[in-house]
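Worksheet: the structure to be examined is printed underneath.
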2 protein chains.
Amino acid sequence: MRRAGDALVLDRFLPYRLSALSNRVSRAIARAYEAAFDLSIPEWRVMAVLGREGGLTASALADATQMDKVAISRAVARLTRSGRLKARAEAGDARRRALFLTPRGLAVYEQIAPLALAYEQQLMTALSQSERHALAALLDKLDHASRALGDIAR
Amino acid sequence: MRRAGDALVLDRFLPYRLSALSNRVSRAIARAYEAAFDLSIPEWRVMAVLGREGGLTASALADATQMDKVAISRAVARLTRSGRLKARAEAGDARRRALFLTPRGLAVYEQIAPLALAYEQQLMTALSQSERHALAALLDKLDHASRALGDIAR
DNA sequence: TCCATTTAGTTTCATTTGTAACTGATGTCC
DNA sequence: GGACATCAGTTACAAATGAAACTAAATGGA
């Protein structure tokens with residue numbers, strides 16, 4: 001076990017491990033989405049949220065995906081251009097617009113969602129049932145901790 | 001528990017969770033290193049490796065840090081400019097150069113390493129001893145799985 | 001020995017991403 | 001009701017990143 005005072009070994013260092021793992025996973029996925037559907041990860045995230053629940057505004061999306069509003073704006077613009085997303089004016093506030101997948105967008109979503117889940121399953125085959133639960137719980141805790149720290153570091 | 005056929009909910013989706021967590025952690029760290037030491041994360045990784053074991057070549061560094069050779073080249077160039085790293089020609093092969101931290105570089109390393117470990121400890125306070133072990137083991141398994149999958153997806 | 005191939009590392013260029021400034025609309029409070 | 005702050009979303013610009021082309025050195029046959 002590592003204790004305070006121990007040396008810093010890069011591949012035992014949590015932030016580094018997270019980054020390396022996340023990058024490898026994301027890159028593999030990005031390649032697949034890009035090749036098969038001409039879709040970047042931010043675009044896919046927007047679709048993933050709207051596929052389940054249409055009618056959100058850009059800032060609700062930013063909230064749900066944890067991406068910043070610029071990334072959302074770009075993803076929405078590109079998805080609109082490719083005919084996969086459509087915006088409706090919201091009554092009452094001319095700034096906000098409710099976003100929906102078009103039928104074409106929905107069709108893409110319904111193709112990708114199972115693939116995404118299958119990919120995740122593949123990753124997860126390495127883990128037993130109880131390990132999967134443990135992982136989810138650990139990620140929850142780290143999420144909370146990192147939020148708290150992030151605020152401090154800023 | 002989620003089963004095949006279940007809906008894809010972004011914030012239960014492992015690749016997304018990893019990415020969100022890793023980004024938050026990395027950003028917090030990057031901010032700190034940048035502000036205090038004028039050091040990017042790739043540069044810091046290079047220092048972290050060389051601080052423990054000097055004399056590696058650029059490709060050995062690429063291996064150790066999992067960054068690609070372009071990133072290494074840039075980090076090394078910048079660290080050299082700032083007087084924190086020095087290269088020695090290697091006898092026998094004129095292409096390779098052995099890389100070392102300068103005394104100044106080493107001094108920086110010795111300042112940062114404890115900070116980095118402390119940050120990690122802070123994150124880890126959220127976890128019990130046994131949870132930390134469990135996390136390390138899970139990350140190992142996911143690492144392996146992701147390597148295998150990455151090759152397939154490519 | 002000489003040519004083709006591989007390897008180490010750098011440079012170049014296109015794309016992505018992040019930050020800040022901006023536009024237009026709404027809310028606020030005196 | 002008007003001046004000012006705030007909010008939703010976009011645009012503009014700079015920095016980071018990635019892929020591919022490139023340079024120079026070493027290797028490996030025939």
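Below, chain A is the first sequence line, B the second, and so on; all start at residue 1.
- The distance between atom CG of A/Asp68 and atom P of C/dA20, rounded to the nearest whole Å, is 12 Å.
- In this structure, A/Ile72 CD1 and A/Met67 CE are separated by 3.5 Å, a value rounded to the nearest 0.5 Å.
- A cation-pi geometry, defined here as NZ or CZ lying under 6.0 Å from the six-membered ring centre and within 45° of its normal, holds between A/Arg88 and A/Phe100.
- Here C/dT16 presents its P atom at 16 Å from CG of A/Asn23, a figure rounded to the nearest Å.
- When the C1' atom of C/dT26 is taken as reference, atom CZ of A/Arg96 falls 10 Å away, rounded to whole Å.
- In this structure, CZ of B/Arg27 is placed 14 Å from P of D/dA16, rounded to the nearest angstrom.
- An OP1 or OP2 oxygen of D/dG9 is reached within less than 4.0 angstrom by a side-chain nitrogen or oxygen of A/Ser59.
- Protein atom CD of B/Glu34 is 20 Å distant from nucleotide atom P of C/dT17, rounded to whole Å.
- Note on B/Ser40: nothing from the nucleic acid sits closer than 4.0 angstrom, heavy atoms only.
- Using a 4.0 Å cut-off between charged side-chain N and carboxylate O, B/Arg84 and B/Asp38 make no salt bridge.
- Across B/Phe13 and A/Ala116, no two heavy atoms sit closer than the pair CE1-O, 3.4 Å.
- Interface residues of residues 70-95 of chain B facing DNA chain C, ordered by number: B/Val70, B/Ser73, B/Arg74, B/Arg95; criterion, heavy-atom separation under 4.0 Å.
- The residue from B/Leu10, B/Val9, B/Leu8 that alone fulfils the side chain to side chain contact (heavy atoms under 4.5 Å, CB included) condition with A/Val49 is B/Leu10.
- Atom CD1 of A/Ile41 and atom P of D/dT17 are 16 Å apart (whole Å).
- In this entry the distance linking NZ of B/Lys69 with P of C/dT7 reads 10 Å, nearest Å.
- The separation between A/Met67 atom CE and C/dT16 atom P is 14 Å, rounded to whole Å.
- The shortest non-hydrogen separation linking A/Ala98 to A/Glu90 is N-CG, 3.7 Å.
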